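Everything below concerns the one structure shown next.
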Amino acid sequence: ATLASPSMAIELPGATRADLARALQYYLGDHDRRDPLVSPIHAKDHRGLPPAFIVTAGVDPLRDDGPRYADCLRAAKVKVRYVDYPDMPHGFLSQPKLCPGAPDALAEIVEEMRPYLQRSASAA
């Protein structure tokens, strides 16, 4: 949420750094953007976190944060899988009829989550 990654300089149609800054201002106000509850990458310790599946969009100002967070998790020995959809814009998952990569990404997310969801359902 610091908006400091190099990908923030992306100047293509879609979400821009200014758009994200405005959204963060509405969401956070004056709250510390380095608070780990806002930006988990700023946590002092990532050990013991559950497995993670991180998906980024290649044409997204937030893209650089995905692999950086994946690296933090790997360094803490957390199981992580990272996938980038290179030609997709910010928010592409919510636009499966407009963004050709969205259906594949959504299917990949479902498959990644399936074992955890099945385990939760059987425990209930």
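From a predicted model like this one, the values you see are computed outputs, not experimental measurements.
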What's the verdict on side-chain contact (heavy atoms from CB on, under 4.5 Å) for Val78 and Arg47, showing C-alpha distance, side-chain angles and the deciding distance?
CA-CA 7 Å; Val78 173; Arg47 291 176 298 180; 5.9 Å; no

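In the hydrophobic cluster analysis, where Ile, Leu, Val, Met, Phe, Trp and Tyr join through side-chain heavy atoms closer than 4.5 angstrom, Tyr26 is grouped apart from Leu3. Hydrophobic clustering (side-chain heavy atoms under 4.5 Å, transitive across Ile, Leu, Val, Met, Phe, Trp, Tyr) groups Val55 together with Leu106. Both Val80 and Leu49 belong to a common hydrophobic cluster when Ile, Leu, Val, Met, Phe, Trp and Tyr are linked at side-chain heavy-atom distances under 4.5 angstrom. Hydrophobic clustering (side-chain heavy atoms under 4.5 Å, transitive across Ile, Leu, Val, Met, Phe, Trp, Tyr) keeps Ile54 apart from Ile109.
Atom CZ of Arg81 sits in a crowded spot, with more than 12 heavy atoms from other residues, nucleotides or ligands closer than 6.0 Å.
Scored by the side-chain hydrogen bond (donor to acceptor under 3.5 Å, both in side chains) test, His46 finds no partners at all (sequence neighbours excluded). Residues passing the side-chain hydrogen bond (donor to acceptor under 3.5 Å, both in side chains) test with Tyr85, sequence neighbours excluded: Glu108. Under the side-chain hydrogen bond (donor to acceptor under 3.5 Å, both in side chains) criterion, Gln25 pairs with no residue at all, not counting sequence neighbours. Evaluation of the salt bridge (Lys or Arg N to Asp or Glu O under 4.0 Å) rule for Asp71 yields Arg74 as partners, not counting sequence neighbours. Under the rule for a salt bridge (Lys or Arg N to Asp or Glu O under 4.0 Å), Asp30 has no partner lying at least two apart in sequence or in another chain. Listed by chain and residue number, nothing satisfies the salt bridge (Lys or Arg N to Asp or Glu O under 4.0 Å) test with Asp32 (two or more places apart in sequence, or in another chain). Residues satisfying the salt bridge (Lys or Arg N to Asp or Glu O under 4.0 Å) criterion with Arg33, sequence neighbours excluded, are absent altogether. Residues passing the side-chain hydrogen bond (donor to acceptor under 3.5 Å, both in side chains) test with His31, sequence neighbours excluded: Asp35. Residues passing the side chain to side chain contact (heavy atoms under 4.5 Å, CB included) test with Lys79 are Pro51, Tyr116, sequence neighbours excluded.
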Report all side-chain donor-acceptor pairs from residues 86-102 shorter than 3.5 Å, counting only partners two or more places apart or in another chain.
{"from": "His90", "atom 1": "ND1", "to": "Asp60", "atom 2": "OD1", "distance (Å)": "3.1"}
{"from": "His90", "atom 1": "ND1", "to": "Asp60", "atom 2": "OD2", "distance (Å)": "3.0"}
{"from": "Ser94", "atom 1": "OG", "to": "Gly91", "atom 2": "O", "distance (Å)": "2.8"}

Residues 62-69, side-chain donor-acceptor partners within the protein, below 3.5 Å, at least two apart:
{"from": "Arg63", "atom 1": "NH1", "to": "Tyr82", "atom 2": "OH", "distance (Å)": "3.2"}
{"from": "Asp64", "atom 1": "OD2", "to": "Ser7", "atom 2": "N", "distance (Å)": "2.6"}
{"from": "Asp64", "atom 1": "OD2", "to": "Ser7", "atom 2": "OG", "distance (Å)": "3.3"}
{"from": "Asp65", "atom 1": "OD1", "to": "Ser5", "atom 2": "OG", "distance (Å)": "2.6"}
{"from": "Asp65", "atom 1": "OD1", "to": "Arg68", "atom 2": "NH1", "distance (Å)": "2.8"}
{"from": "Arg68", "atom 1": "NH1", "to": "Ser5", "atom 2": "OG", "distance (Å)": "3.0"}

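Put simply, the side chain of Val83 does not reach to within 4.5 Å of the side chain of Glu112, judged on heavy atoms.
Residues Val38 and Ala1 approach most closely at CG1-CB, 3.7 Å, considering heavy atoms. Counting all heavy atoms, side chain and backbone alike, Pro61 lies closest to Leu20 at CB-CD1, 3.6 Å.
Expressed to the nearest 0.5 Å, how far OG of Ser39 lies from CG of Leu24 amounts to 8.0 Å.
Legend: salt bridge (Lys or Arg N to Asp or Glu O under 4.0 Å) pairs involving residues 12-23, not counting sequence neighbours, sorted by first then second residue: Asp19-Arg22.
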